Amino acid sequence: MDHQAVRPAIVVHGGAGGSRSEEDGCVSAARLGMDAMPQGALAAATAAVAALEDDGRYNAGSGSVLCLDGRTIEMDAAVMDSKGMLGAVACIQRVKNPVLVARAVAATPHWLLAGEGAERFARIAGFVPHYHASERAKKKHAELVKRLGGTSPATPGVANAAFSQYWNYALPQAFATDDGCDTVGAVARDAEGNFAAACSTGGSAPSLLGRVGDTPIIGSGFYAGPEGAVAVTGIGEHIVRRLLAHTVYQWLASGMPMDEALAHGLALFPQEIDIGIIAVSRSESGARSNRDMPRAEVSP
Ligand code: ASP
């Protein structure tokens, strides 16, 4: 194709569990991503997600939720582009911008680093220790503690008692965490026709220690290839079973219109499961959710 004719585009989201009243942060992040577009789609998507991590209102980076022990913060993030760059971190603690660590992992012989090894890698790569439990995270944690004590499930289809039964934190059980599916993500198409996806989360709550959702899993939370890029948000345990990002990517690659591909993606899930999808293809871009997902799209 004539690469000169490609119109750059970026789409970002602030999570299926977020609110459109928080969309201004998505707009700013998308603009920052567009500023980085001259360095390519990967730089654009990564810059947008780093801005969302720093915003503090979304469940990623500085806004990450607290784990059930009320103290631990475990984060996942990933980046991928259509030129073969792929990097991810899972259950990483004490870093400010997991998406930047994921970007650094993409330069190593591996694609995914987890837990302590990921944190040690971050230090070697120059990321300083950072721990931030936001006021928002503390409030949501307190709300979750209450809900876990109630009879209606804090996670659709999962008995609250399961979190006591399998409690695996070092601290004694004190039911704490936050509920939330307000992970962040960005997809970008640059002027050369390259595509990239980036995403980052503080996880889905309530969850056991060491839980990894869809966000750092290729084909589930994100995918980028020669025909486009897709990033998704929602309850990871449901998303991974449908390989949602790759499934939507394949529909787009086969020529399905954007609106239809996004609608089909949402239709794979029962209504009680929060889901959001953003995507760019060669000629279109879009965002769709079965919730009030904050989002923004920018193209010059
Ligand atoms: N997908 C994320 C997870 O399950 C949560 C989210 O999208 O907010 O970890």
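These figures come from a predicted structure and were not determined experimentally. Both ligands and their constituent atoms are indexed starting at 1 by order of listing.
Those atoms of ligand 1 that come under 4.0 Å of a heavy atom in Thr215, given as number and element, are 1 (N), 2 (C). Residue Gly203 approaches ligand 1 through these ligand atoms, each under 4.0 Å from one of its heavy atoms: 9 (O).
Where the criterion is an N or O separation shorter than 3.5 Å, residue side chain and backbone included, Asn59 fails it with respect to ligand 1. The N/O atoms of Arg211, backbone and side chain alike, include one that comes under 3.5 Å of an N/O atom in ligand 1. Polar contact with ligand 1: present for Gly234 (N/O pair, distance under 3.5 Å). Checking only distances, Gly236 does come within under 3.5 Å of ligand 1, N or O to N or O.
When each of Thr233, Val232, Ile239, Leu268 is checked for a side-chain contact (heavy atoms from CB on, under 4.5 Å) with Ile275, only Ile239 meets the rule.
The closest heavy-atom contact to atom 7 (O) of ligand 1, among the options Val212, Thr233, Val184, comes from Thr233. Taking only non-hydrogen atoms, the option from Ile235, Ile239, Asp214, Ile275 nearest to atom 1 (N) of ligand 1 is Asp214.
Asn194 and Asp81 are not linked by any side-chain donor-acceptor pair at a separation below 3.5 angstrom, with hydrogens and angles left out of the test. Thr201 and Thr183 share a donor-acceptor pair across their side chains, judged by distance under 3.5 Å alone.
Close placement of the Tyr169 and Trp167 rings is indicated, their centers lying within 6.0 Å of each other.
Residues Arg57 and Glu22 share a closest heavy-atom pair of O-OE1, 3.8 Å.
Counting heavy atoms of neighbouring residues, nucleotides and ligands inside a 6.0 Å radius, atom CZ of Arg242 exceeds 12 of them.
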